[in-house]
Amino acid sequence: MPDPIYSDLKTMDYEACLKLQHAVHGARVEGLLPDTLLLVEHLHVLTFGRRARVENVLVSESALRQQGVTCVHIERGGDVTYHGPGQLVAYPIFSLGKSGMGILDFVERLEAVMIQVLNDYGIRGERNERNRGVWVGNKKIGFVGIAVRKKISFHGLALNVSPDLGFFQMIHPCGLKEVHITSMNDLLEKTVSLAEIKTRVVFHFQEIFDMTLEQVKPNDLRASLPETRPLLESGHDD
């Protein structure tokens with residue numbers, strides 16, 4: 001099996017990315033791909049996990065549409081959360097069976113990646129008993145929601161770098177009421193480069209998961225997946 005790989009998908013519609021995730025997951029299950037990390041920035045979307053409650057959305061469907069926010073129900077754990085521009089999302093499609101890693105250990109490693117990235121910028125990120133993810137004081141900055149099928153993980157983590165925090169006011173994030181959401185930009189009071197954060201995320205994934213990640217271009221990744229070739233040929237790109 002080749003070394004693990006990662007691919008920077010840039011900005012991508014959530015549902016198109018979910019389809020790509022499923023294709024990569026299937027290829028990983030069949031041994032056609034090594035462990036694969038996808039990095040992406042999504043357009044405005046609310047995603048609903050298996051335990052999501054409709055009352056945790058605080059605005060009407062028409063208000064969401066007016067703001068350009070789509071809604072997608074997915075198979076990860078957890079409640080409702082928001083993804084959008086300025087938030088870095090990382091999807092590790094890794095074999096837990098091969099490493100013997102338990103789900104809790106895997107989740108804690110995802111949290112550790114975000115904590116280490118924040119530490120690189122002088123921000124003290126911590127775990128919190130109220131909810132999985134990463135907090136700075138009483139404010140949440142990092143999110144974790146995974147699924148595991150056939151011992152292969154998918155979905156993953158989201159780190160607030162520079163999103164418009166107003167979108168989080170449309171929901172009770174992760175089902176938590178009166179929770180405060182923050183971002184790296186908000187805490188540092190300056191603009192942080194998302195490209196720079198991607199580099200740090202890859203570095204800390206390699207460190208924490210004890211692996212070397214080789215970069216693969218998105219088109220090359222798609223071309224290796226027969227079920228995604230029609231999307232590629234029809235011009236559905238990043």
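Ring planes of Y14 and H83: parallel class, angle under 30° (limits at 30 and 60°). In this structure, F167 and Y82 have parallel ring planes: the angle between them is below the 30° cut-off, well short of the 60° mark.
Just one residue in the list N128, V117, I141, V113 forms a side chain to side chain contact (heavy atoms under 4.5 Å, CB included) with V134, and that residue is I141.
Between M184 atom CE and K190 atom NZ the span is 9.0 Å, to the nearest 0.5 Å. Distance check: M101 CE to L96 CG gives 6.0 Å after rounding to the nearest 0.5 Å. For the atom pair K217 NZ and L221 CG, the distance stands at 13.5 Å (nearest 0.5 Å). Interatomic distance, CG of L9 versus CG of L39, reported as 7.5 Å (0.5 Å rounding). Atom-to-atom distance recorded for N219:CG and S7:OG is 9.0 Å, nearest 0.5 angstrom. To the nearest 0.5 Å, atom CZ of residue R200 and atom CG of residue L159 are 13.0 Å apart.
Under the 3.5 Å distance criterion, the side-chain polar atoms of S153 are matched with a main-chain donor or acceptor of F94. A donor-acceptor pair is defined here as one N or O able to donate and one able to accept, closer than 3.5 Å; such a pair exists between the side chain of H42 and the backbone of M12. Checking side-chain atoms of R127 against main-chain N and O of I115 turns up no donor-acceptor pair under 3.5 Å. D35 places a side-chain N or O within donor-acceptor distance of the main-chain N or O of S95, the cut-off being under 3.5 Å. In this structure a side-chain-to-backbone donor-acceptor pair under 3.5 Å is missing from T36 to I93. Using modelled atom types, one side-chain atom of E111 and one backbone atom of G133 make a donor-acceptor pair closer than 3.5 Å. The backbone N or O of G137 lies less than 3.5 Å from no partner atom in the side chain of E126, so there is not a single donor-acceptor pair. Distance alone, capped at 3.5 Å, is enough to place a donor-acceptor pair between the H25 side chain and the I152 backbone. The closest donor-acceptor contact from the side chain of N185 to the backbone of P163 lies at 3.5 Å or more, if one exists at all.
For the residue pair G156 and I146, the shortest heavy atom distance occurs at CA-CG2, 4.1 Å. Closest heavy-atom contact between I208 and R109: O-NH1, 3.6 Å. Across all their heavy atoms, G86 and L194 have their closest contact at O-CD1, 4.1 Å. Taking each heavy atom of P92 and F106 in turn, the nearest pair found is CG-CZ, 3.7 Å. Considering all non-hydrogen atoms of both residues, A27 and L225 come closest at CB-CD2, 3.5 Å.
Residues L188 and L118 fall within the same hydrophobic cluster, defined by Ile, Leu, Val, Met, Phe, Trp and Tyr side chains chained together at heavy-atom separations under 4.5 Å. Tracing side-chain contacts under 4.5 Å through hydrophobic residues (I, L, V, M, F, W, Y), one never reaches L33 starting from F209; they form parts of separate clusters. Residues V89 and L43 are members of separate hydrophobic clusters, defined by side-chain heavy-atom contacts under 4.5 angstrom among Ile, Leu, Val, Met, Phe, Trp and Tyr. V202 and V192 fall within a single hydrophobic cluster, where Ile, Leu, Val, Met, Phe, Trp and Tyr side chains are chained together by heavy-atom contacts under 4.5 Å. Taken together through direct or relayed side-chain contacts under 4.5 Å among Ile, Leu, Val, Met, Phe, Trp and Tyr, M211 and V216 form parts of separate hydrophobic clusters.
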Open item on the list: For a side chain to side chain contact (heavy atoms under 4.5 Å, CB included) check, start with the C-alpha distance between V144 and M114, then their side-chain angles and the critical distance, and finish with the verdict.
Closed with: CA-CA 10 Å; V144 174; M114 292 187 282; 3.6 Å; yes
- [ ] Please assess R76 against T81 for the test side chain to side chain contact (heavy atoms under 4.5 Å, CB included), listing each intermediate value before the final yes or no.
- [x] CA-CA 11 Å; R76 65 159 169 79; T81 195; 3.4 Å; yes
Task: ring-ring contact (aromatic ring centres under 6.0 Å, His included) evaluation trace for F143 with F168 - done: CA-CA 13 Å; F143 307 80; F168 286 96; 5.8 Å; yes
Open item on the list: Using side chain to side chain contact (heavy atoms under 4.5 Å, CB included), reason through I197 and Y121 one step at a time and then give a plain yes or no.
Closed with: CA-CA 10 Å; I197 299 301; Y121 291 83; 3.5 Å; yes
Task: Test side chain to side chain contact (heavy atoms under 4.5 Å, CB included) applied to R132 and L104, step by step - done: CA-CA 10 Å; R132 299 309 317 195; L104 180 58; 3.5 Å; yes
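No more than 12 heavy atoms of other residues, nucleotides or ligands lie within 6.0 Å of CD1 in I103, so this atom counts as exposed by the packing criterion. Other residues, nucleotides and ligands contribute over 12 non-hydrogen atoms within 6.0 Å of the CD atom of E207. Atom CD of Q215 has more than 12 neighbouring heavy atoms from other residues, nucleotides or ligands inside a 6.0 Å radius. By the neighbour-count criterion of 12 heavy atoms within 6.0 Å, atom CD of E61 is sparsely surrounded, having that number or fewer from other residues, nucleotides or ligands.
In this structure, Q169 and L58 have side chains that are not in contact, with every pair of non-hydrogen atoms separated by 4.5 Å or more. The closest side-chain heavy-atom distance from W135 to V179 is below 4.5 Å. At a threshold of 4.5 Å between non-hydrogen side-chain atoms, the residues E75 and L18 count as touching. Within the 4.5 Å cutoff, no side-chain heavy atoms of T47 are placed close to those of H155. A heavy-atom distance below 4.5 Å is found between the side chains of N160 and L165. Between D210 and F205, every side-chain heavy-atom pair lies at or beyond the 4.5 Å cut-off. No side-chain heavy atom of R124 sits less than 4.5 Å from a side-chain heavy atom of V136. Taking 4.5 Å as the limit, some side-chain heavy atom of D120 sits within range of a side-chain heavy atom of H204.
Salt bridge annotation for D8-K10: present, with a cationic side-chain nitrogen under 4.0 angstrom from a carboxylate oxygen.
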